[in-house]
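I have placed the structure first, in the form of structure tokens, so that the comments after it can refer back to it.
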Number of protein chains: 2
Amino acid sequence: MAKAPNEEQLATEWHELMGRFRRLLCSLDRELESKHGISASDFEVLQLLAEAPKGKLRLHELGEHAHLTQSALSRLVAKLESGGMVERFMCDDDRRSVFATITAAGRKRYVQARPTQRAVLRAEAQSV
Amino acid sequence: MAKAPNEEQLATEWHELMGRFRRLLCSLDRELESKHGISASDFEVLQLLAEAPKGKLRLHELGEHAHLTQSALSRLVAKLESGGMVERFMCDDDRRSVFATITAAGRKRYVQARPTQRAVLRAEAQSV
DNA sequence: CAAAAGTATATGCGTATACATCTAATGTTG
DNA sequence: CAACATTAGATGTATACGCATATACTTTTG
């Protein structure tokens, strides 16, 4: 990006970025939902957990990497738990904290959904 | 962007883009809401109308440029109308269509909000 | 060590959005 | 021109999110 693009240019870029972003997010949501029964946000969280050392992160750590507010993350993890893809349990070191761990079923779902997600990203990247 | 970036790279870029996008959209919403009482989406629609030839567009035309679904746009325009920033009236050529026009108050609000929006965009552009 | 401040998560509530469907108006076709 | 298809917009419904706050636990402080 240029050093000091004029403001109209910035505004136009933002408008276009917003368009691309929303289209891509919509595609992701639709493809992941229809083929794997998960949303794009679900996928992000599953991915973070699947890539974590032991498939295990405190919610607070998850929140630092997922692009969600604390409340949204709390509910999302609760939803994933009720879907059997994640489990929550107390952290003994600090009993305010809660660990989220990815289950075998969750990992399987993630592995299946991954090519779908990558394909959508690739398609969008090529269309630009 | 490279011709055939590998998939992990794409996924990482997407993750980062999502982060930047959400932060920016949140900043915009908060700044515009606190200083001018409008959301980022409100601003987008006001901008489209303010820049339209006669400050006048059919909802369907608005929808082609705003990054919103038809239903979201319909409600958004209704909200702007109840806030006195926009007016709706029938189109005589095609009585299914509805024109949205920006009012003097709406244009004033847009002009006031514009520097705020541009400042947020500029701040984000510089932080990258 | 008791009280106050801080931290991690959950939840009540309001709002924005998407999807599906409805209504009204227009176009098309036999 | 009557029946059907299409189009523009509105609305019922469900969901996801953010903000504010509540709850439970931990750390700091006097």
* Asked: Less than 3.5 Å between a donor and an acceptor, one on the side chain of B:Arg95 and one on the base of C:dG27, is that the case here?
  -> no
* To do: With heavy atoms under 4.0 Å as the rule, sort A:Ser74 into base, sugar-phosphate or nothing.
  => base
* Can you say whether the rings of B:Phe89 and B:Phe99 are parallel (under 30°), tilted (30 to 60°) or perpendicular (over 60°)? -> tilted
* **Separation of D:dG18 C1' from B:Leu28 CG (nearest whole Å)** => 16 Å
* Asked: For DNA chain C, whose closest nucleotide is more 5', that of A:Ser97 or that of B:Asp93?
  -> A:Ser97
* **Nearest-nucleotide comparison on DNA chain C, the residue closer to the 5′ end among A:Leu73 and B:Thr69** => A:Leu73
* Taking only side-chain nitrogens and oxygens of A:Arg88, does any of them come within less than 4.0 Å of OP1 or OP2 of C:dA10? -> yes
* For residues B:Arg88 and B:Ser74, report the shortest heavy-atom separation together with the two atoms involved. => NH1-O, 4.1 Å
* **Side-chain N,O (B:Lys79) to OP1/OP2 (C:dA16) below 4.0 Å** => yes
* Please confirm whether any donor atom in the side chain of A:Gln70 sits under 3.5 Å from an acceptor in the base of C:dA8, or the reverse. => no
* To do: Mind calculating the distance between CD (A:Glu61) and P (C:dT7) to the nearest angstrom?
  => 16 Å
* Structure fact -> A:Met90 CE to C:dA8 P, in whole Å, measures 14 Å
* To do: Whole angstrom is fine here: how far is it from NE2 in B:His60 over to C1' in C:dA25?
  => 14 Å
* Structure fact -> In whole angstroms, the gap separating P of C:dC22 from CZ of B:Arg75 amounts to 15 Å
* Asked: Checking all strands, does B:Arg22 fall into the base, sugar-phosphate, or nothing category for heavy-atom contacts under 4.0 angstrom?
  -> nothing
* When all nucleic acid strands are considered with a 4.0 Å heavy-atom cut-off, which category describes A:Ser71: base, sugar-phosphate, or nothing? -> base
* Does any donor-acceptor pair link the side chain of A:Arg96 with the base of D:dT26 at a separation under 3.5 Å? -> no
* Asked: Closest approach of B:Leu68 and B:Ser41, non-hydrogen atoms and distance?
  -> CD2-OG, 4.2 Å
* Do A:Ile38 and A:Met85 have side chains that get closer than 4.5 Å, going by heavy atoms? -> yes
* Atom-pair distance (CD on A:Glu81; C1' on C:dA10), nearest Å -> 13 Å
Side chains of residues 50-60 of chain A: which donor-acceptor pairs under 3.5 Å do they make with residues two or more places apart or in other chains?
from	atom 1	to	atom 2	distance (Å)
A:Arg58	NH1	A:Ser97	OG	3.1

* For B:Phe99 and D:dA8, what is the distance between atoms CZ and P respectively, to the nearest whole Å? -> 13 Å
* Asked: Atom CD of A:Glu33 and atom C1' of D:dT15: how far apart are they, to the nearest Å?
  -> 11 Å
* OP1 or OP2 of C:dA18 sitting under 4.0 Å from any side-chain N/O of A:Arg30? -> no
* Count the heavy atoms of every other residue, nucleotide or ligand shown that sit under 6.0 Å from CD of B:Glu87, and state whether that count exceeds 12. => no
* For A:Asp29, report the nucleic acid contact type (base, sugar-phosphate, nothing); a contact means any heavy atom under 4.0 Å. => nothing
* To do: Select base, sugar-phosphate, or nothing to describe what B:Ser41 touches, counting heavy atoms under 4.0 Å on all strands.
  => sugar-phosphate
* Structure fact -> When A:Leu76 and B:Ala72 are each assigned the nearest nucleotide of DNA chain D, the 5'-most assignment goes to B:Ala72
